[in-house]
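Worksheet: one structure, shown below.
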Amino acid sequence: MPIVFNRGAALGSSDLSLSLKDSNGSLINPSEISYDIYYVDPGPPETEVLIPDPSGQPRTPVNPSTGEYYASCAIPPGAALGEYRIRWIF
């Protein structure tokens with residue numbers, strides 16, 4: 001489902017969030033979790049371009065409670081307009 005954010009916006013807990021549950025429906029924390037952000041170049045052909053974290057480290061989400069995560073990042077004022085994707089790794 002597409003979501004629209006403005007340049008310069010700071011994303012928080014109500015924006016790009018994720019809940020992880022086990023087979024019984026209980027919230028759980030994975031042993032490792034991170035996320036990547038990609039710019040989608042419409043092409044043709046469509047290509048995803050990884051936007052690396054400026055620190056060079058994996059992007060680590062905020063974990064406010066067991067099984068609850070969100071991507072906390074700021075959209076640069078000069079970010080290219082277009083489609084972006086987030087991919088969670090756990």
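Residues Ile33 and Trp88 are in side-chain contact: their nearest non-hydrogen atoms beyond the backbone lie under 4.5 Å apart. Taking the side chain as every heavy atom from C-beta outward, Leu27 and Leu20 never approach each other to under 4.5 Å. When side chains are defined from C-beta on, Cys73 counts as touching Ile37, because their heavy atoms get closer than 4.5 Å. The side-chain heavy atoms of Val40 and Glu46, taken from C-beta on, include a pair separated by under 4.5 Å. Under the 4.5 Å side-chain criterion, counting only non-hydrogen atoms from C-beta, Pro30 is in contact with Tyr69. In this structure, Val49 and Tyr38 have side chains that are not in contact, with every pair of non-hydrogen atoms separated by 4.5 Å or more. Side-chain contact check for Glu32 versus Ile89: every heavy-atom pair is 4.5 Å or farther apart.
In terms of hydrophobic clustering, with Ile, Leu, Val, Met, Phe, Trp and Tyr side chains grouped at heavy-atom distances under 4.5 Å, Tyr39 and Ile3 are assigned to a common cluster.
Contact between Ser34 and Pro58 at its shortest, heavy atoms only, is CB-CB, 4.2 Å.
Using modelled atom types, one finds no donor on one side chain facing an acceptor on the other under 3.5 Å when comparing Asn63 with Tyr70. If you check the side chains of Asn24 and Ser26, you find no donor sitting under 3.5 Å from an acceptor.
Remark: side-chain polar atoms of Arg87 are not paired, donor with acceptor, to backbone N or O of Asp36 under 3.5 angstrom.
Ion pairing between Arg59 and Asp53 holds under the 4.0 Å rule for side-chain N and carboxylate O.
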